[in-house]
Student: 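A single structure is presented below for examination.
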There are 2 protein chains.
Amino acid sequence: MTSSVPTSRSRRSDATRTAILAAARERFAADGYERATIRAIAKDARIDPSMVMRYFGSKEGLFAAAVTLDLRLPDLREVPREEVGRALVTHFLTLWEENEELTAVLRVGATNEAGAERLRGIFRDQLLPVARQVCPDPEQVPARAALCAAQLLGLALTRYVLRLPPAVGLPRAELVAWLGPTVQRYLTAPHP
Amino acid sequence: MTSSVPTSRSRRSDATRTAILAAARERFAADGYERATIRAIAKDARIDPSMVMRYFGSKEGLFAAAVTLDLRLPDLREVPREEVGRALVTHFLTLWEENEELTAVLRVGATNEAGAERLRGIFRDQLLPVARQVCPDPEQVPARAALCAAQLLGLALTRYVLRLPPAVGLPRAELVAWLGPTVQRYLTAPHP
DNA sequence: AGTGTTTGCCAACGCTCGTTGACCACGGTA
DNA sequence: TACCGTGGTCAACGAGCGTTGGCAAACACT
């Protein structure tokens with residue numbers, strides 16, 4: 001039993017716990033699922049590999065705990081209707097540059113079925129609802145959202161994962177100027 | 001020495017060689033680089049793993065031999081100028097559905113540096129020259145080609161790798177209708 | 001001081017991987 | 001018949017992986 005430190009006082013292990021999570025995110029983002037070994041993650045966090053197991057149960061458990069993705073998408077009803085495309089692109093660029101979880105989930109999703117399922121979940125639970133806010137016809141929402149996902153994930157893939165030189169070199173503003181109208185059209189333009 | 005069968009007569013080993021390559025392409029496309037094991041590939045080809053080594057030297061050698069990608073892009077100068085976007089999208093969709101090498105190189109490129117370099121090479125040697133045929137300003141060619149790559153690879157990623165349900169469900173014609181104008185704009189529209 | 005829970009390290013397990021080298025079967029040529 | 005290149009199998013190697021259980025130190029509470 002022992003409710004020794006039940007409520008608010010921070011346990012000493014919380015530090016290691018977050019250290020492991022940080023190292024895991026970094027490795028998953030850099031190497032993908034298979035090559036990001038528990039041993040390497042543990043070494044980065046300066047603890048023993050067995051600690052990872054004790055805290056997270058298994059490698060899958062660690063991945064699940066390390067990569068919890070909240071896109072924090074804006075409420076598009078508060079954005080001028082002709083600005084939603086640019087707003088989304090801007091938001092995604094910021095998001096992607098701020099945290100490496102997105103790169104991690106994209107890299108892992110490309111080779112690992114569990115990772116792919118994670119991405120499908122994010123699409124379903126986070127992007128679809130937002131698309132629903134601005135799409136004219138509810139029936140077309142999934143298709144339109146998928147088109148946006150294709151464009152935005154394609155950008156992330158070429159720029160942050162594959163690192164195609166021209167994609168890396170393009171300045172933010174220019175990306176927004178090019179992709180904004182595309183996303184805008186996918187979301188709001190009449191079916192072609 | 002021995003020029004026993006030097007010229008045209010097909011050696012018996014060619015059959016196994018191509019069997020290995022076919023199995024390798026399939027596994028790389030389905031599993032990515034790390035999880036596509038030589039042992040599994042050899043089993044698919046119904047031979048011993050050591051044969052793979054004899055023929056291709058190493059796993060990297062096998063990958064290099066199995067995935068040689070020719071996009072067979074059309075000569076855009078023979079396509080009506082306002083049709084190049086739709087033509088490219090159509091071409092890519094066909095290409096992707098016909099052979100699994102593209103899925104393989106995309107999956108591998110996402111987690112493996114050698115795979116990523118392979119993709120950068122394809123972009124540089126095959127997509128850039130074609131973009132040069134239709135872009136107005138030569139200086140803008142790399143950026144415009146990169147935008148196209150982002151859109152087209154994003155489609156492939158969501159449809160053939162991640163298998164987002166709405167992206168899988170969209171019929172070819174509709175994809176061409178949506179993405180065609182996007183690619184067209186990236187290639188030929190004036191800089192926004 | 002004494003006791004029980006945390007927090008950590010260490011050593012090993014069983015497994016799979018890429019890779020290697022020894023050995024065998026066939027088939028054409030001398 | 002004897003030979004040799006070719007196409008193939010088999011068993012093993014060393015390394016790295018995820019994972020486990022036992023044990024020592026640090027701490028919290030009485």
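Residue numbers begin at 1 in each chain, while the letters A, B, ... track the order of the sequences.
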Student: For the side chain of B:Arg35 and the backbone of A:Thr111, is there at least one donor-acceptor N/O pair under 3.5 Å apart?
Tutor: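 Checking the backbone N and O of A:Thr111 against the side chain of B:Arg35, a donor-acceptor pair under 3.5 Å is found.
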Student: Do the side chain of A:Arg159 and the main chain of A:Ala156 share a donor and acceptor less than 3.5 angstrom apart?
Tutor: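 Checking the backbone N and O of A:Ala156 against the side chain of A:Arg159, no donor-acceptor pair under 3.5 Å is found.
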Student: So what does A:Tyr55 touch, heavy atoms closer than 4.0 Å: a base, only the sugar-phosphate, or nothing?
Tutor: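 A:Tyr55: backbone/sugar contact only, no base atoms under 4.0 Å.
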Student: Round to the nearest Å and state the distance from B:Lys43 atom NZ to D:dT9 atom P.
Tutor: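 So the NZ-P distance, B:Lys43 to D:dT9, works out to 14 Å.
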Student: May I ask you to verify if any side-chain N or O of A:Thr16 is less than 4.0 angstrom from the OP1 or OP2 atom of C:dT7?
Tutor: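 Indeed not, no polar side-chain atom of A:Thr16 lies that close.
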Student: Please state whether the rings of A:Tyr186 and B:Trp178 are parallel, tilted or perpendicular, taking 30° and 60° as the class boundaries.
Tutor: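 Because their plane-to-plane angle is over 60°, the rings of A:Tyr186 and B:Trp178 count as perpendicular.
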Student: Could you state the atom-to-atom distance from CZ of B:Arg46 to C1' of D:dC10 in whole Å?
Tutor: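 The distance from CZ of B:Arg46 to C1' of D:dC10 comes to 19 Å, rounded to the nearest Å.
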Student: Nearest whole Å is fine: how far is C:dG8 C1' from A:Arg17 CZ?
Tutor: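 Going from CZ in A:Arg17 over to C1' in C:dG8 covers 14 Å.
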Student: Expressed in angstrom and rounded to an integer, what is the separation of A:Ile41 atom CD1 from D:dG16 atom C1'?
Tutor: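 Computing the A:Ile41:CD1 to D:dG16:C1' distance gives 15 Å.
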Student: Is B:Asp75 salt-bridged to B:Arg77, going by a charged N under 4.0 Å from an acidic O?
Tutor: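 The answer is yes: the pair qualifies as a salt bridge.
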Student: Are B:Ile41 and B:Leu62 close enough that some pair of their side-chain heavy atoms sits under 4.5 Å apart?
Tutor: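 They are in side-chain contact.
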Student: Give every pair of a protein N or O atom and an N or O atom of nucleotides 19-24 of chain D that lie under 3.5 Å apart, one pair per line with the distance.
Tutor:
unit_1	atom_1	unit_2	atom_2	d
D:dT19	OP2	A:Lys59	N	2.8

Student: How many Å lie between CD1 on A:Ile20 and C1' on C:dT7, as a whole number?
Tutor: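 Value for this atom pair: 11 Å.
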Student: Classify the side-chain pair B:Thr94/B:Arg172 by whether it contains a donor and acceptor separated by less than 3.5 Å.
Tutor: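 Per modelled atom types, B:Thr94 and B:Arg172 side chains form a pair under 3.5 Å.
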